[in-house]
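Remember, it's 1-based here, ligands and their atoms both numbered in the order they're listed. Numbers here are sequence positions counted from 1.
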Amino acid sequence: MTKWVYSFSEGAAEGSAAMKELLGGKGAHLAEMCSLGLPVPPGFTITTDVCAFFNAHGRDFPPGLKAEVETALAKIGKVAGHSFDDPDWPLLVSVRSGARASMPGMMDTVLNLGLNDATVGSLARKSGDERFAWDCYRRFIEMYSSVVLGAPHDAFEEALDAYKEKNGAAYDSDLSADDWRVLVEQYKTVVATETGGAFPQDPREQLWGAIKAVFASWMNNRAAIYRHLHNIPEHWGTAVNVQAMVFGNMGDTSATGVAFSRSPSTGARELYGEFLVNAQGEDVVAGLRTPQPLIEAARTKGPPEGLSMETAMPAAFAEFSGYVARLEAHFRDMQDMEFTIERGKLWMLQTRAGKRTATAALKIAVDMADEGLITRDEALLRIDPLSLDQLLHPTLDPDAKCAVLCTGLPASPGAAAGEIVFHSEEAESLAALGRKVILVRIETSPEDIGGMHAAEGILTARGGMTSHAAVVARGMGKPCVSGAGVLRIDYEDHSFTVAGKRFARGDVITVDGTTGHVIAGEVKMRRPELTGEFAVLMDWADKARRMEVRANAETPADARAARRFGAQGIGLARTEHMFFEGERIVAVREMILADDAPGRKAALAKLLPMQRADFRELFEIMSGLPVTIRLLDPPLHEFLPHSDAEIAAVANVMGADPAKLRKRAQELAEFNPMLGFRGVRLAVAFPEIVDMQARAIFEAAIEAAAATGAPTQLEIMAPLVFCRAELDLVKARVDETSKAVEAETGLRPAYHIGTMIELPRAALRAGDIAGTAEFLSFGTNDLTQTTLGISRDDSGSFLGIYTEKGILPFDPFVSIDQEGVGELISLGCARARATRPDIKLGVCGEHGGDPESVAFFDRVGIDYVSCSPFRAPIARLAAAQAALRNALQTPPGRSADATA
Ligand code: PEP
Ligand code: MG
């Protein structure tokens, strides 16, 4: 029989940390904390299996669940010493979601459940605090009605505001027990008006309503968006945790807080977090009051103000610090914890691996390996390669002059500049147009997730370091300044005022999430430093990986970046990209439009010195490392002149009639340029292009070697071949040019000849092609285009629909289609190796920088990947993880067929 419910209470639990799939992260860790003997309020977890059943059976529960919940409730009663619906001393419970992966704030929660018109009085008597009891009751009505009954939250806020105004109260704390009593009645009227029914008084009805609502919230809109952004599968479902309430709002010896065992922002090894005296947990996260720091050292660092927990509650602080150390050692990772102190007694409410910035993740992994808590391999496996992208973000140039408008909390590091927008939808629509925006909100809520994603940075007026904005921004790697309390935001006017100045929508500001500074205008930024823990971890990665990592680069700036980011050479220099600018493009057009060989040769003669100079600079920067140069592959539509001015410029240098030239350009225009006169086809038709490029390469190599003393490892590569004969032709011309240069200079730079594999036929014929090719480089951009028959340039209009409908779980131009394109790659590798066992095999499409694809390439035995320079660190770490995982033989990656 399926067990649906798992109980836990101090010292004993039916579940454990290993049961995350079934109990969700929260439930599994509550169970583990109980088994460790930590003080946890008793409770139980309803499994994710129930969620699956609930969703598959029209929101119905499995038979047997009711009885198991009753038994578990009775157990809580036994431990707590009073039962759930005891009118004299009511046991109140919280009902919270808890999925396998943490999804902060995305699903629903109900607190103080069990209160009604009778039990509120008992709570007042037992607690000796009437105000507290009525405050709890009104919070419960508000929360339950909006979460379970669907009443709008604003209706309660409006009633509260109207009451305060009428009675001259500025803050909630000005209201007495009697005030709350009156408001409870008003709230009940709101419920009746908004839902057409009375507020439920029966605790069991309340409980099942809440359980249902929390399970249902797995399918709500914001949870769905969050899942989509974080690749969390829908079928995982959430668990529901029902737990005895403990109260942080029972006066000044009570408090509630959140803590990280190390800084989630920098990774520093110090307790980090905030607490609020006389408050419930939701008050901290909601960011409505600015919380106080936990440790005294943090208090002196600036805002927030107020006594630290260390000073205000030393005994509870000492006990808590002990648990923090134990939890971190037990879980061998940085912990994010929630706690409550009820009249001096400490309760642990949650622990989980803390979300952290990429900077913190790196420092924590390296520190923990150095402390011996984890191994270096584990440290490598703990970093999400894609998160390294955050470290490559700019920071403010310290020498730049800037007018700091105000300082908020440094909630998520990095700096960003952009136009001010106040609403998430606007952030999304402007970002879609390529504009850079800063999302400015009084506070963010989970509804803002799309806007936060679209913005360059986030600025809020309210909320602490653990507010929604802070947590979500850190997860996304977006710069965020939160709690900038002096901002006066006027949503209606689309403006804010600060330091006596008004800033309107569209004005540009800079936010610095490292210092908390908000600055007028755009400030000069600086490139990130790739030293410290970054360098250490990259060094470990380089030792652990098997595959080489190169970069795709043809400009000097890219080549320098490639070296800075640790690329071991250039895996693809796209020579046509060297011809995009100024007089070069005119010369290229001249060559393309020439009527005959002499005309073409004249144009090529102009290009030769430019090519030679470019190659020389590239070789000098790469100083002895391998450089793979791809012969010209200009899809014609990218190069043909279109405008009158463009045609006139070419006509002018050619001394030709513009009308004639226009006609020639029209003749050359193609219906399918991607499948047209490009790649090696150009070399087949006009071999003099190969002669020019080979000459430029060899002459530049001779000059660079003389200058640096380090001969370049030259690799010359033909694009878009489908058979060996094409490559043979190219090889013959290159070999001839090499001999000619040798005859002129007495020098013969060493080189290898190879080809791109970008067409299915080339992959199938790799065995034959390897008879000539000394290396193969899979051009997975074109190979994906030609295998799926999806145009690279046109996929944008329909591929999104495929991923939305789940026909494709991901974009095959981003992550390699392992079963289709991948099959061609592994087949090509095997056939090529059968002909030439020592053949060098690489990948130089965009997939070379995608971690999932890199893992696949490692499995099929690719020797190197080549990606854009900024992705080289990602590829280095991904290659290390692939080597470690493949050594452990963990299961292969994802499938391109959604149903598989
Ligand atoms: C490829 O097709 O994967 C490739 C690297 O070439 P390009 O992107 O220049 O077509
Ligand atoms: Mg290509």
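- For Pro673, the side chain to side chain contact (heavy atoms under 4.5 Å, CB included) partners two or more places apart in sequence, or in a different chain, are His637, Glu670.
- Annotation: cation-pi geometry satisfied between Arg600 and Phe686 (NZ/CZ under 6.0 angstrom from ring centroid, within 45° of ring axis).
- In this structure, Tyr751 has its ring center closer than 6.0 angstrom to the ring center of Phe698.
- Within 4.0 Å of ligand 1, protein heavy atoms belong to Leu572, Arg574, Arg630, Arg678, Met756, Glu758, Gly779, Thr780, Asn781, Asp782, Arg792, Cys844, Gly845, listed by chain and number.
- No other N/O/S atom of Glu758 lies as close to the Mg ion (ligand 2) as OE2 does.
- Contacts of Glu576 classified as side chain to side chain contact (heavy atoms under 4.5 Å, CB included), with partners at least two apart in sequence or in another chain: Arg574, Arg630, Leu632, Asp633, Pro634, Phe639.
- For the Mg ion (ligand 2), the nearest N, O or S atom contributed by Asp782 is named OD2.
- For the residue pair Arg761 and Thr786, no side-chain donor N or O sits within less than 3.5 Å of a side-chain acceptor on the partner.
- Listed by chain and number, the residues in a side chain to side chain contact (heavy atoms under 4.5 Å, CB included) with Leu433 are Leu430, Arg435 (sequence neighbours excluded).
- Within the 4.5 Å cutoff, no side-chain heavy atoms of Arg871 are placed close to those of Phe565.
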